[in-house]
Amino acid sequence: AAPRVTEAARLAAGAVGTLAPIVESGSGDLGARHAENLLRDVRSAGWRATFAARIAEGPGGESRSG
């Protein structure tokens, strides 16, 4: 199960990283307050996904095994 968790965390981080520029470029169509909230949310999601991937990988970047 641990390799699946690691892979899922990596995929989530990659998906957020890929989608973030799309969200940022489209945020200009929103009102200033909504755009600010959206950008904060997408950046937070990116940080959380990357953090989860680092935790799942464990020390030294290897996958946790249990």
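Just so it is clear, the model here is predicted, and its values are computed rather than measured.
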Practice item. Looking only at non-hydrogen atoms, find the nearest pair between Ala53 and Ala9 and report the distance. Key: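 Residues Ala53 and Ala9, closest heavy atoms: CA-CB, 3.5 Å.
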Exercise for review: May I ask you to decide if Gly14's main-chain N or O and Thr18's side chain share a donor-acceptor pair within less than 3.5 Å?
Suggested key: yes
Check your understanding: Judged by atom type as modelled, is there a donor-acceptor pair below 3.5 Å linking the side chain of Thr50 to the main-chain atoms of Ala13?
Key ->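 Here the side-chain-to-backbone pair does not exist.
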Review point. Glu36 and side chain to side chain contact (heavy atoms under 4.5 Å, CB included): which partner among His34, Arg33, Arg40?
Key: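 So, applying the side chain to side chain contact (heavy atoms under 4.5 Å, CB included) to Glu36 and each of His34, Arg33, Arg40, only Arg40 qualifies.
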**Study point:** Between Ser44 and Arg48, a side-chain donor and acceptor under 3.5 Å
**Key:**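 Checked: Ser44/Arg48 side chains pair up, N/O donor to acceptor below 3.5 Å.
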Exercise for review: Treating Ile, Leu, Val, Met, Phe, Trp and Tyr as nodes and any side-chain heavy-atom pair under 4.5 angstrom as an edge, say whether Ile55 and Trp47 lie in one connected cluster.
Suggested key: yes
Practice item. Take Leu38 and Val23, measure what side chain to side chain contact (heavy atoms under 4.5 Å, CB included) needs, and give me the verdict at the end. Key: CA-CA 8 Å; Leu38 179 63; Val23 171; 3.6 Å; yes
